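Report on the structure given below.
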Amino acid sequence: MAQHDNKTVAEILARVADLMEIRGDNAFRVRAFRRASQAIENLAEPVSSMLEAKTLSDIPGIGAGAVARASQIVESGTCDDLVQLEKDLPKGLFEMLRIGGLGPKKVKLFYDELGIADLDALETAARAGHLAALPRMGAKSQAKILDEIEAFRRRSGRIPLGVALPQGHAIVEVLRALPGTERVDLAGSCRRGRETIGDLDVLVAADESQEAMDCFVNLPAVAEVMLRGDTKCSVRLDSGLQVDLRVLEPASFGAALHYFTGSKHHNIAVRDRAKRKGLRISEYGVFCESTNERLGGASEEEIFAAVGLPFIPPELRENRGEIEAAEAQKLPRLLEAGDLRGDMHLHTTDSDGKADAVTMVRHAKSLGFDYVAITDHSFGLPVTQGLDAAGLVAQRERLRRIQEEVGGIEVLAGVEAEILADGSLDLPVDVLREQDWVIASVHSGFSMGSEEMTARVIAALDSGVVDCLGHPTGRLLGERDAYAIDLEAVLQAASRAHVAMELNAAPSRLDLNANTCRRAREVGVPVVISSDAHALEQLGALELGVTTARRGWLESKHVLNSWSYEQIQAWRAQRLP
DNA sequence: ACGGATTGCCGTATCGGCCAAATGGCCGA
């Protein structure tokens with residue numbers, strides 16, 4: 001849990017910096033905290049072991065002060081500065097920083113001038129027109145803040161799949177180990193693989209409910225028991241996630257799993273179908289309407305069989321044609337994790353990655369991949385210290401040698417180039433043409449209108465050298481909405497220009513979403529499921545992408561990195577003669 | 001607060017876009 005340590009320390013130092021800035025502390029002191037936070041986030045080894053080895057202060061940007069604070073945070077989860085700041089400042093200020101377009105300076109301004117200390121007060125002031133009167137503010141900024149508050153509220157309350165899933169799996173694992181539990185599974189939107197989750201549903205099959213319930217409410221992660229009945233209880237975890245547990249008789253488990261997995265629309269359609277056959281489906285089983293005889297319910301297969309359908313994978317259960325497809329025996333043979341043969345998007349120390357290229361390639365090989373693309377940022381994204389044309393050429397040569405040295409894996413010399421505001425790329429086309437894999441992405445100018453953004457992206461696709469459009473909507477789950485873009489027009493252009501679309505599998509992105517994946521399939525645009533790894537352990541972390549692709553009805557043939565290396569080359573050759 | 005040179009003290013991430021204010025602060029990647 002080394003990585004967790006580093007992340008925690010970095011987050012707290014960054015939080016201290018933000019709060020210090022709001023309090024009006026010395027700007028360079030603030031900057032030092034930010035720098036230390038950044039340095040710790042970028043560490044390749046756990047901060048705790050560097051503290052023990054007394055090597056932490058060797059890192060540029062980390063001096064005696066940062067070492068002391070890191071040590072406090074590792075031990076106690078906080079530090080004196082943060083404790084003091086939380087005493088000095090109202091709690092709501094930190095939440096205000098999560099509003100897009102607001103940084104420490106603006107929050108300070110609102111707090112100092114108007115005493116605004118939380119989101120509600122900010123919203124009230126904006127509605128009353130008080131913000132526009134402040135220096136460096138105006139009607140436009142004020143309106144933007146209202147929009148951003150609304151977007152923030154819309155997002156909050158739902159948790160990214162990648163955050164909820166590990167917590168769910170951990171609970172399932174503990175419950176499965178109990179002697180009295182026959183089956184334990186996650187249900188709900190989490191099982192369907194929705195990109196964000198409201199709460200978790202855990203189902204247990206057991207003859208007796210007390211053992212599982214006792215174990216559940218006493219889990220270390222449980223902060224609060226909200227409700228406890230005979231077979232159902234709800235808790236809130238320390239993370240804020242709500243988890244509902246239901247204990248069922250084994251004979252009803254399949255019916256309950258189906259019922260609680262949903263979606264609601266899917267369930268309604270299945271029940272309607274049952275009704276027409278003279279059956280009744282409830283969370284307890286399948287029953288004959290006239291005789292009330294129980295026809296099944298122990299497994300989901302029994303539920304589907306009762307209405308004359310094959311098993312429908314949870315990811316498809318949205319009543320978006322899956323029942324009709326199942327009836328016609330035309331369900332897709334959905335992509336599986338094992339189908340993927342390579343990772344096509346990752347970063348190394350040549351830009352903002354934490355591990356060097358050799359290490360990443362070796363790791364890709366150890367994961368059993370046939371090929372891997374190294375796709376560092378280009379210089380157009382200055383914050384990543386990316387590669388310019390000369391740097392890219394030099395890296396390409398280095399990667400050729402690494403491929404020979406490591407052996408047994410194809411190493412593609414790639415790049416993640418910037419799509420500039422005018423739709424041009426930040427590296428010359430003749431340099432990009434020599435690369436083995438070119439991702440083009442938008443990392444700037446997010447606020448342009450849909451028409452302009454769409455034209456911008458399509459211009460990049462039409463450059464003739466782009467293989468894949470990176471994270472096509474730019475969204476960050478729970479943090480930032482997608483920028484305005486006409487994805488249908490982009491898909492049409494991608495089809496015409498022979499460019500693939502990325503399904504960026506990073507937990508914070510899942511971009512493309514499932515619906516657009518499905519549309520890509522219909523339009524005939526290949527999807528590339530990539531990790532966008534910036535560290536060793538992120539390489540090959542494609543599971544959330546696989547789930548999303550399955551929700552988008554994708555089969556392995558629709559996913560470019562389930563093809564062989566030769567097939568990919570042949571596909572590229574159609575565009576690059 | 002950090003780091004390096006002036007060993008006491010001084011300068012300190014990159015860069016474009018946006019908006020408010022008429023050149024500059026703030027934000028975000």
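Keep in mind it's a predicted model, so treat the numbers as computed, not measured. Within every chain, numbering begins at 1; the chains are lettered A, B, ... in the order of the sequence lines, protein sequences first and strands thereafter.
- With a 6.0 Å cutoff to the six-membered ring centre and a 45° limit on the axis angle, Arg98(A) does not count as a cation-pi contact of Phe152(A).
- The nucleotide whose nearest atom lies closest to any side-chain atom of Ala32(A) is, among dG25(B), dA13(B), dA1(B), dA1(B).
- Taking a cutoff of 4.0 Å between a charged side-chain nitrogen and a carboxylate oxygen, Arg456(A) and Glu452(A) do not qualify as a salt bridge.
- In the set dG25(B), dC18(B), dC15(B), the nucleotide with an atom closest to the side chain of Ser447(A) is dC18(B).
- Taking the P atom of each, dG28(B) and dA20(B) are spaced 16 Å apart, rounded to whole Å.
- Residue Arg35(A) has its side chain nearest to dG3(B) when only dG3(B), dG17(B), dC27(B) are considered.
- Contact annotation for Gly445(A): no contact, since no heavy-atom pair falls under 4.0 Å across all strands.
- With both ends at atom C1', the span from dC15(B) to dC10(B) equals 25 Å, rounded to whole Å.
- The residue Gln385(A) sits apart from the nucleic acid: no heavy atom pair falls under 4.0 Å.
- Between dC2(B) and dT6(B), the two P atoms lie 22 Å apart (nearest whole Å).
- In this pair, His443(A) and His377(A) present their aromatic rings perpendicular. The plane angle is above 60°, beyond the 30 to 60° band.
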For Arg34(A) and Asp18(A), what are the C-alpha separation, side-chain angles and deciding distance, and is it a salt bridge (charged side-chain N to carboxylate O under 4.0 Å, His left out)? CA-CA 9 Å; Arg34(A) 291 230 167 85; Asp18(A) 284 337; 2.8 Å; yes

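- Between the Asp343(A) side chain and the Leu539(A) main chain, no donor and acceptor come within less than 3.5 Å of each other.
- Using a 4.0 Å heavy-atom cutoff across all strands shown, Ile59(A) reaches sugar-phosphate atoms only and no base atom.
- dC27(B) and dT23(B): their P atoms are spaced 22 Å apart (whole Å).
- Among dA20(B), dT12(B), dC27(B), the nucleotide with an atom closest to any side-chain atom of Phe28(A) is dT12(B).
- For the C1' atoms, the distance linking dA13(B) with dC9(B) amounts to 22 Å, nearest Å.
- In this structure, the nucleotide among dC27(B), dG17(B), dT12(B) sitting nearest to the side chain of Arg31(A) is dT12(B).
- In this model, the phosphate group of dA20(B) is approached by a side-chain N or O of Ser141(A) to a distance below 4.0 Å at OP1 or OP2.
- Between dT12(B) and dG17(B), the two P atoms lie 25 Å apart (nearest whole Å).
- Listed candidates were dC27(B), dT14(B), dG25(B). Nearest to the side chain of Pro382(A) is dT14(B).
- Proximity of Lys105(A) to the phosphate of dG25(B): no side-chain N or O atom is located under 4.0 Å from OP1 or OP2.
- Taking only side-chain atoms of Ala66(A), from C-beta outward, the nucleotide of dC2(B), dA20(B), dC26(B) with the closest atom is dC2(B).
- Considering only side-chain atoms of Arg29(A), the nucleotide from dA21(B), dA1(B), dA13(B) that sits closest is dA1(B).
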